[in-house]
Q: 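Next up is a structure, given as structure tokens.
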Amino acid sequence: MQRIDDAVSAERELEFASVGQPGGVLDPSMSGYLRASEIAWDDVTDSMSATIAAVGGVDDDYPLVSMAFAIRDILASENGSEYHSRIGQARKRIATICVRPEMSIIMKDGLQVLRATADRLDAMDGLHRYDPDDISVAP
């Protein structure tokens with residue numbers, strides 16, 4: 001979760017710093033912020049992949065694995081519509097998992113992780129990652 005927090009923070013810094021820049025986030029003066037954001041999101045993707053690999057024999061219905069797959073898919077989105085749609089799907093998945101009566105005690109402990117994940121999804125959804133105005137280039 002910390003890597004997601006770091007990536008959201010780096011993305012917000014990029015958004016804030018690029019306000020008023022002629023080239024938006026692609027303005028040359030934003031290269032440090034842009035690179036920091038890219039590295040932070042790469043770290044999130046690497047963490048999700050490592051989580052998935054570490055639990056190779058665990059049922060993909062397990063909440064942690066399910067959310068790792070979902071976040072990795074969200075980050076692989078190619079446009080804003082897909083990005084927001086995948087966040088919505090992850091939220092529905094969390095809601096479905098949280099109401100399952102047959103959930104074991106161990107899986108119920110995972111609900112705290114799911115609640116924390118839902119908070120991170122809200123933060124990710126508030127970013128302007130695919131807003132065309134944010135990536136405009138001055139003529």
Q: Would you mind checking if Glu38 and Arg35 are paired as a salt bridge, meaning a charged N to carboxylate O distance below 4.0 Å?
A: yes

Q: Side chain to side chain contact (heavy atoms under 4.5 Å, CB included) for Ile87 and Asp122? Distances and angles first, verdict last.
A: CA-CA 8 Å; Ile87 288 175; Asp122 290 343; over 6 Å; no

Q: So, do Ile94 and Leu121 sit near enough that their side-chain heavy atoms are less than 4.5 Å apart?
A: yes

Q: Grab the two heavy atoms, one from Ala40 and one from Ala10, that are nearest each other, plus how far apart they are.
A: CB-CB, 4.1 Å

Q: A side-chain contact here means heavy atoms from C-beta on lying under 4.5 Å apart; do Trp41 and Glu11 qualify?
A: yes

Q: Please report the C-alpha distance between Arg3 and Met48 in whole Å, then the side-chain angles of each, then the deciding distance to 0.1 Å, and finally whether the side chain to side chain contact (heavy atoms under 4.5 Å, CB included) criterion is met.
A: CA-CA 10 Å; Arg3 292 189 194 268; Met48 296 304 109; over 6 Å; no

Q: First locate atom CD of Glu13, then atom CD of Glu15, and finally report the distance between them rounded to the nearest 0.5 Å.
A: 11.0 Å

Q: Side chains of Arg120 and Val8: does their closest heavy-atom pair fall under 4.5 Å?
A: no

Q: How long is the span from the CG atom in Asp5 to the CG atom in Asp119, to the nearest 0.5 Å?
A: 9.0 Å

Q: For the residue pair Met124 and Leu75, establish whether any side-chain heavy-atom pair is separated by less than 4.5 Å.
A: yes

Q: Quick one: does Asp6's side chain get under 4.5 Å of Val44's, heavy atoms only?
A: no

Q: When you measure from the side chain of Ser37 to the backbone N and O of Tyr33, does any donor-acceptor pair fall under 3.5 Å?
A: no

Q: Output the distance between atom OG (Ser47) and atom CD (Gln2), rounded to the nearest 0.5 Å.
A: 10.5 Å

Q: Between Ser81 and Asn79, what is the shortest heavy-atom contact and its length?
A: N-OD1, 3.1 Å

Q: Of all the heavy-atom pairs spanning Glu78 and Glu82, show the shortest one and how long it is.
A: N-OE1, 2.7 Å

Q: Measuring from atom CG of Leu14 to atom OG of Ser9, what distance do you get when rounded to the nearest 0.5 angstrom?
A: 11.5 Å

Q: Measuring from Ser77:OG to Arg86:CZ, what's the distance to the nearest 0.5 Å?
A: 4.5 Å

Q: Does one hydrophobic cluster hold both Ile52 and Met1, with members joined at side-chain heavy-atom distances below 4.5 Å?
A: yes

Q: For the OH atom of Tyr83 and the CG atom of Asp125, what is their distance to the nearest 0.5 Å?
A: 7.0 Å

Q: Run Ile4 and Thr117 through side chain to side chain contact (heavy atoms under 4.5 Å, CB included) and show every step you take.
A: CA-CA 9 Å; Ile4 295 172; Thr117 302; 5.9 Å; no

